Amino acid sequence: MLFYSLDIIGTFAFAISGFLTALNKRLDPFGLFIVAFVTALGGGTLRDILIGRTPVGWMIDLNYVYIVIAGVFFAVLFRRKLNYLRTSLFLFDTVGLGVFTIIGVEKGIDANLHPIISIALGTMSASFGGVIRDILCNEIPVIFRKEIYATACIAGGAFFFILKETPLNDDWIYVITTGIVILIRLLAVRYQLKLPLIQS
Amino acid sequence: MLFYSLDIIGTFAFAISGFLTALNKRLDPFGLFIVAFVTALGGGTLRDILIGRTPVGWMIDLNYVYIVIAGVFFAVLFRRKLNYLRTSLFLFDTVGLGVFTIIGVEKGIDANLHPIISIALGTMSASFGGVIRDILCNEIPVIFRKEIYATACIAGGAFFFILKETPLNDDWIYVITTGIVILIRLLAVRYQLKLPLIQS
Amino acid sequence: MLFYSLDIIGTFAFAISGFLTALNKRLDPFGLFIVAFVTALGGGTLRDILIGRTPVGWMIDLNYVYIVIAGVFFAVLFRRKLNYLRTSLFLFDTVGLGVFTIIGVEKGIDANLHPIISIALGTMSASFGGVIRDILCNEIPVIFRKEIYATACIAGGAFFFILKETPLNDDWIYVITTGIVILIRLLAVRYQLKLPLIQS
């Protein structure tokens, strides 16, 4: 169904984003692949480990692995043209952010976890692949410093539970909450919205 | 009971310590919260993952999450006065170190693990939140370099098993071994005791 | 049996390699031990966590812990002579790489995972201890940048499944595929073979 294909688009875009980050660090092809892989699948892997859903997702459903491989091949071939695709890639990445969030929230509900924990799981699924990517590349995670990112996931996850209380059917809730994450993120990048810094 | 409330004090203090470390790195509020969170709960989370106790502790008992949130709010409000509270915070942190160690040792015993492994679990519960904090902040973990820290946990854990062989009742064993960790750590900081460096 | 003792040799060599890396970072003895430990056992630990084989290996079979301790003691005592032993240590390390790979592949098969995932598990078992070591030491993982390393594991793992289709008996498959990993790695270091860099 549609939601699943959005998941694929997100994985693809995350893999490319990981690849490009790693490329700047002069890693070899193996390193590039690993960084692309953890960027795309690291968040969901961490989520699965924390809730004890093992073997973790991509070990059971190899499609995720193939998509990462496809993303890396795509990035290798078109790495010099990716600049022209920047807007598309950013959009894909943003779609991924939204879809991963809601999928993560769902896994939390499936595991009978509290809404707060489910929102945390959704946020982690969507944004912690990038955290692991930055750790591997020896940087302080960018999502801890730059434009609103994980906060968009938290907002989308919170709306998910609010809308659950309404008569809206599930499909609509998915579309709307995914849309909220995407919208907040787009606005954040467009207007360079950051969380207010707390002065030490 | 008393021991549980000490656990709360420790979590609170660890969260504040994480927050303060992150503040120096100019992270945004989300980053500050995540670093506070992993400092307070990362050690226990790693312990739970390694022994397969999933969903991990804080996903089941949300009180830990609320305490971290409270700790972060406290730190935001009083961040300019925390210098005056340094001694209290250090004491709380040290109490946390002792309590977390013994709780971790217990979890190992519950899982039928060997005393050596249980001591390792206790040490990890108490000190590896700080390791993850330092990794996120892009530093070599401070507990690998500075005053005696994890070594105090190991000593407390070892005494736990020694005292188990005596007729002392469990409550006393808890108090004494937690006290040993605290005492060693206090002495270490007071007299700047470090493990002897091995010259390369 | 023989294979198991090779496993011991590999663990021993990996622990020493971790110790030596940490020594250059001026860590205290506790830090040195932890880095040696994760270098030797971190890859297998990650593998066990991902497939849900908990408590993880070294918590059940303490021999691994003892070997790491032995390796660290050995390294402390002979650290100034290790230069003379460099070739032996490198050989041990390479044997470890081969053996860990095939053991990891096996665990994947035991868990009914797809060959591709099993090869990934083998590669992780053998090479991700070094990744965690480098993260703790605040460096970009060396296996993402230098001579062919993980790629040797992937090749050995792939041959494992190819040979499974032949009438060769299992013992021979073990010996041959472990040998392939070792040979590729030896050639890679001897001739400084790197994966071709992808220019950005």
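Bear in mind that the values here come from a model prediction, so they are computed numbers and not experimental data. Below, read A as the first sequence line, B as the second, and so on, with proteins coming before strands; counting in each chain starts at 1.
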Which pair of heavy atoms, one from [X] and one from [Y], lies closest together, and at what distance?
X       : Y       : answer
T54(C)  : G52(B)  : OG1-CA, 3.1 Å
P29(C)  : L195(B) : CD-CB, 3.5 Å
I117(B) : W58(C)  : CD1-O, 3.6 Å

Roughly how far, to the nearest 0.5 Å, is [atom2] of [Y] from [atom1] of [X]?
X       : Y       : atom1 : atom2 : value
M59(C)  : L121(B) : CE    : CG    : 4.0 Å
S127(B) : F30(C)  : OG    : CZ    : 5.0 Å
I135(B) : L136(C) : CD1   : CG    : 5.0 Å
D61(C)  : H114(B) : CG    : NE2   : 11.5 Å

Verify the neighbour count for atom [atom1] of [X]: are there more than 12 heavy atoms of other residues, nucleotides or ligands below 6.0 Å?
X      : atom1 : result
F12(B) : CZ    : yes
F33(B) : CZ    : yes
F73(C) : CZ    : no

Chain C contact via I148(B) - side chain, backbone, both or neither, heavy atoms under 4.5 Å: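 I148(B) has no heavy atom closer than 4.5 Å to chain C.
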
Residue part contacting chain C, namely of I140(B), when any heavy atom lies under 4.5 Å: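 I140(B) touches chain C through backbone and side-chain heavy atoms alike.
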
With a 4.5 angstrom heavy-atom cut-off, which part of [X] approaches chain B: side chain, backbone, both or neither?
X      : value
F37(C) : neither
R26(C) : both
L20(C) : neither

Picking from T151(B), N138(B), I154(B), which has the most non-hydrogen pairs under 4.5 angstrom with chain C?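 That would be N138(B).
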
Please tell me if the side chains of I34(C) and V131(B) come closer than 4.5 Å, counting only heavy atoms from C-beta onward.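 No, their side chains stay 4.5 Å or more apart.
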
Applying side-chain contact (heavy atoms from CB on, under 4.5 Å) between I198(B) and each of D28(C), V76(C), L27(C), report the one that passes.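 Among the candidates, only V76(C) passes.
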
